[in-house]
Protein chains: 2
Amino acid sequence: MFSKACEYGIKASTYIALKSLEEKRVSLKEISSEIDSPMAFTAKILHQLAKNDILVSAKGPSGGFQIQKDRIESIKLADIVYAIDGDSVYKGCALGFNECNANKPCPLHDKFVVIRDELKKMLQNTSLFELTEGLEVGLTFLKR
Amino acid sequence: MFSKACEYGIKASTYIALKSLEEKRVSLKEISSEIDSPMAFTAKILHQLAKNDILVSAKGPSGGFQIQKDRIESIKLADIVYAIDGDSVYKGCALGFNECNANKPCPLHDKFVVIRDELKKMLQNTSLFELTEGLEVGLTFLKR
DNA sequence: ATTATTTCGGACAAAATTATCATAAATAAG
DNA sequence: CTTATTTATGATAATTTTGTCCGAAATAAT
């Protein structure tokens, strides 16, 4: 469904959001340990998320990553997915056409668009804050 | 969403179904040309679908692939996807956990399950016959 | 029977994705 | 100012997926 990069991106962002809620900046080391992801690979993804203005990075001792507290509720999963995987999730054709639309649809188009749009809606409506809620009370997990 | 292999598998099966409706067997060459897919790679996928009892293959001159006419309506997309991609589409976690369930869910689990189940239902309810219908009347396409 | 055609099946190759490593750049702290 | 720490960045490697090649096996037609 999502690329590994995107999976790590969402997990990392969620963890960073959780810590940012209590004004804490977190290091790459802590992040990749807490979400159980390869450190160097995660670094690249975080860098990309920073470039896309989703999180803020700081170099040097006591540096790390953080999300502006007042944006944790307005940053949606769709923003993260878009920053990493682009719009493939939203525009992609089930059968792999570069273009596929009502005008010249693949045989699965109509049925697939319904699912794809639901996914899109879900990602656009789900904020980082929502994802932190379950984590905070130990109801959901970022690693097994 | 689906692997390339799966995309080709669905397209190929749909084309074979279309031809099988008029009692015609089709060659690999014709198939890969009609769905615009790499021939040798498509061969492997077709072979796998044959092994999984979704289509029938025949060697030798005038050989090729075919689907039993009376099964075109009962073979669902879910069968094809399962034969090629396994159950990852149905059991996969949005954030990549090997296991992810209500008991120990990832932060996105509840919202994702809704989408995943819709996809599952759609695939289980869509037959090859349905996909051929639009093709026959030139409303849908297998290549652009 | 021989031959031409077509799928079968394994080895191999290319491309894309995922992951690692090493070094540079920034910066906080002493 | 120096040092230790941490992110930034590009090169490289491993893995997975996608795709190719070629000979084997089957079989229809001559």
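Note on naming: letters A, B, ... go to the chains in the order of the sequence lines (proteins, then strands), and numbering restarts at 1 for each one.
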> Say you draw a straight line from CZ of A/R25 to CD1 of A/I16; how long is it, rounded to the nearest 0.5 Å?
Replying inline: 12.0 Å
> If you measure from NZ on A/K4 to CD1 on A/I45, what distance do you get to the nearest 0.5 Å?
Replying inline: 10.5 Å
>> For nucleotides 8-19 of chain D, give me one character per nucleotide, 5' to 3': B if any protein heavy atom sits under 4.0 Å from the base, S if the only such contacts are to the sugar-phosphate, - if neither.
In response: SSBB------SB
What donor-acceptor contacts under 3.5 angstrom involve side-chain atoms of residues 113-129 of chain B, with partners at least two apart or in another chain?
| from | atom 1 | to | atom 2 | distance (Å) |
| --- | --- | --- | --- | --- |
| B/R116 | NE | B/Y90 | O | 2.7 |
| B/R116 | NH1 | B/K91 | O | 3.2 |
| B/R116 | NH1 | B/G92 | O | 2.8 |
| B/R116 | NH2 | B/Y90 | O | 3.4 |
| B/N125 | ND2 | B/K121 | O | 3.1 |
| B/T126 | OG1 | A/K111 | NZ | 3.1 |
| B/T126 | OG1 | B/M122 | O | 2.7 |
| B/S127 | OG | B/F129 | N | 3.4 |
| B/S127 | OG | B/E130 | N | 3.2 |

>> Do B/I72 and B/V26 sit in one hydrophobic cluster, given that two such residues count as connected whenever their side-chain heavy atoms are within less than 4.5 Å of each other, even indirectly?
In response: yes
Backbone of [Y] reached by a side-chain donor or acceptor of [X] within 3.5 Å:
| X | Y | value |
| --- | --- | --- |
| A/T132 | A/L18 | no |
| A/K143 | A/S33 | yes |
| A/K69 | A/S20 | no |

>> Regarding A/E99 and A/K104, does a basic nitrogen lie under 4.0 Å from an acidic carboxylate oxygen?
In response: no
>> If I take atom CE in residue B/M39 and atom P in nucleotide D/dC22, what distance separates them, rounded to the nearest angstrom?
In response: 12 Å
> Can you check the B/L28 CG to D/dC21 C1' distance for me, whole Å?
Replying inline: 14 Å
> Can you name the side chain to side chain contact (heavy atoms under 4.5 Å, CB included) partners of B/Y82, sequence neighbours left out?
Replying inline: B/D87
> Could you give the start and end, 5' to 3', of the contact zone on DNA chain C for chain B, using atoms under 4.0 Å from its heavy atoms?
Replying inline: C/dA4 to C/dA11
>> Counting only heavy atoms and a strict 4.0 angstrom limit, can you tell me which residues of residues 77-94 of chain B come near DNA chain C?
In response: none
> What ring pair (Phe, Tyr, Trp, His ring centres under 6.0 Å) pairs are there with at least one residue in residues 38-61 of chain B, not counting sequence neighbours?
Replying inline: B/Y8-B/F41
